[in-house]
Structure formats: structure tokens, C-alpha cells
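Some notes on the structure that comes next.
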Amino acid sequence: MKMLTSSCPGPGRQESAARRRLAANARERRRMQGLNTAFDRLRRVVPQWGQDKKLSKYETLQMALSYIMALTRILAERDWAAAHCEHFGRDHRYLPALAAAKLPGEPEPYGQRLFGFQHEPFPMAS
DNA sequence: TAGGCCATCTGGTCCT
DNA sequence: AGGACCAGATGGCCTA
């Protein structure tokens with residue numbers, strides 16, 4: 001059987017192109033599903049203070065950024081405390097209680113303020 | 001009904 | 001050649 005070449009467009013070639021396109025669509029769907037799974041996993045580890053609605057992808061990225069920066073700050077503060085106060089340096093049990101604590105006059109817990117989602121848009125190419 | 005968010009399709013580009 | 005990744009287009013769903 002003669003092989004079809006580019007100089008010989010025919011039904012067989014069209015069929016093959018259609019099959020490849022369908023396969024590419026399926027791969028793309030799987031790829032996007034993988035991406036969405038990753039977003040769901042990220043949503044689960046990122047704080048969602050009182051948010052009943054799930055974060056959008058954009059908000060999830062923003063929140064992850066705020067969260068990482070807050071954790072970095074905590075580590076830096078802890079290092080500072082460890083260097084200056086032996087008790088803080090050794091005992092980490094105070095952290096959850098501290099995060100849930102409401103300081104007098106503050107409307108929200110310390111942790112919420114620390115990790116709070118700040119809507120600072122990424123610079124978008126215009 | 002307009003606007004936001006999302007899933008899917010599609011064609012282009014790069015890499016193996 | 002085929003797969004991965006990307007960005008644009010399109011249409012559906014939901015909410016204010």
C-alpha cells in the first residue's frame with residue numbers, strides 16, 4: 001500500500017490529522033486537569049479566613065504569595081526571638097494560640113491579620 | 001443583563 | 001513525528 005505524503009492530500013491524511021487533533025485535545029484536557037488538581041491542593045494549604053466561596057485561581061496565587069511572605073516573616077521573627085529570648089526560641093507551642101488570639105481592640109485574630117489576603121494585583125502586561 | 005470565572009478547542013512554537 | 005506548553009477564542013454558568 002502506497003504511503004500518503006504531503007503532496008498527496010487525501011481522506012486518509014485528513015483522517016489522520018483529525019485523529020491527532022482529537023488526541024491533542026485529550027492531552028490538553030488532561031494537562032489542564034492536572035493544573036487544576038495542583039490549584040486545589042494549593043487552596044487546601046492556603047488560609048481561607050471565613051471564605052465560604054472557593055478562591056479563584058488568581059486569588060489562590062495571590063493568597064499563596066501572601067502566605068509564603070507571612071511565613072517567611074514569622075521565621076525571621078522567630079530567629080530574632082531565639083537570638084534574644086531563650087523561651088521563645090525553644091517553645092513553639094505558643095504559635096497556634098497566638099495566631100487565634102484577638103488582641104484588644106482588634107477586629108480579627110492576629111493570624112488572620114498576619115496571613116490576610118491582600119488584593120495587590122500582579123503587574124499585568126497590558 | 002453585564003461581568004467574572006472557568007473548561008475546552010485550536011493553532012503555534014519548542015523540544016526530544 | 002509527536003508531545004508539552006502556551007495564548008487566544010468561544011461558549012456556558014453563576015452572581016450582583
Side-chain angles (χ1 to χ4, degrees):
Chain A
M1 182 180 173
K2 187 170 186 283
M3 291 295 284
L4 295 166
T5 66
S6 57
S7 62
C8 177
R13 188 164 186 84
Q14 275 185 341
E15 196 180 314
S16 150
R19 201 156 13 88
R20 280 205 311 277
R21 191 59 260 179
L22 286 179
N25 290 349
R27 278 196 307 276
E28 179 65 7
R29 236 176 292 135
R30 279 197 300 275
R31 194 182 71 84
M32 294 309 293
Q33 281 162 6
L35 193 59
N36 289 335
T37 301
F39 266 106
D40 284 338
R41 291 176 66 190
L42 191 55
R43 271 188 201 101
R44 280 199 290 275
V45 298
V46 139
Q48 263 189 285
W49 305 96
Q51 280 264 357
D52 46 347
K53 197 161 88 35
K54 92 170 187 183
L55 296 175
S56 72
K57 293 176 180 179
Y58 177 73
E59 288 167 339
T60 302
L61 288 179
Q62 291 273 45
M63 180 59 88
L65 180 61
S66 299
Y67 191 36
I68 290 168
M69 288 171 68
L71 292 176
T72 302
R73 210 176 90 198
I74 285 178
L75 286 180
E77 285 173 1
R78 203 198 65 182
D79 286 349
W80 183 90
H84 293 81
C85 172
E86 203 179 336
H87 172 74
F88 268 34
R90 285 221 196 100
D91 187 358
H92 301 163
R93 285 169 301 177
Y94 76 96
L95 274 175
L98 179 62
K102 259 192 201 170
L103 303 178
E106 293 286 347
E108 54 198 9
Y110 173 73
Q112 180 168 353
R113 203 152 44 80
L114 196 60
F115 297 131
F117 172 58
Q118 277 130 43
H119 197 276
E120 293 169 24
F122 295 123
M124 308 278 258
S126 51

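Letters A, B, ... mirror the listed sequences (proteins, then strands); counts begin at 1. Scope of the values below: all heavy atoms of this structure, side chains included, with no hydrogens, waters or symmetry mates.
- Residue A:N25 contributes atom CG, which lies 14 Å from atom P of C:dA4 at whole-angstrom precision.
- Minimum interatomic distance between A:V45 and A:Y67 (heavy atoms only, all atoms of both residues): O-CE2, 3.2 Å.
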Base, backbone or nothing for each nucleotide of nucleotides 9-16 of chain C, written B, S, -, heavy atoms under 4.0 angstrom, 5' to 3'?
-> --------
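- One finds the CE atom of A:M32 at 11.0 Å from the OG1 atom of A:T37 (value rounded to the nearest 0.5 Å).
- Contacts between chain A and DNA chain B, taken as any atom within less than 4.0 angstrom of a protein heavy atom, begin and end at B:dC5 to B:dG11.
- Here A:R31 pairs with A:E28 under the salt bridge (charged side-chain N to carboxylate O under 4.0 Å, His left out) rule; sequence neighbours left out.
- Within residues 26-41 of chain A, the residues having any heavy atom closer than 4.0 Å to DNA chain B are, in order of number, A:E28, A:R29, A:N36.
- You'll find the side chain of A:M63 stays beyond 4.5 Å of the side chain of A:L42, heavy atoms only.
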Check the pair A:R29, A:N25 against side chain to side chain donor-acceptor pair (under 3.5 Å), reporting the backbone distance first and the verdict last.
-> CA-CA 6 Å; A:R29 236 176 292 135; A:N25 290 349; over 6 Å; no
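- With sequence neighbours excluded, the residues satisfying side-chain contact (heavy atoms from CB on, under 4.5 Å) with A:I68 are A:T72.
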May I have the step-by-step check of side chain to side chain contact (heavy atoms under 4.5 Å, CB included) for A:L61 and A:F39, ending in yes or no?
-> CA-CA 9 Å; A:L61 288 179; A:F39 266 106; 3.8 Å; yes
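- Residues meeting the salt bridge (charged side-chain N to carboxylate O under 4.0 Å, His left out) test with A:D40, sequence neighbours left out: A:R43.
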Kindly determine whether A:T60 and A:K54 satisfy side chain to side chain contact (heavy atoms under 4.5 Å, CB included), including the steps that lead there.
-> CA-CA 9 Å; A:T60 302; A:K54 92 170 187 183; over 6 Å; no
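- Separating the OG atom in A:S56 from the CD atom in A:Q62 is a distance of 9.0 Å, to the nearest 0.5 Å.
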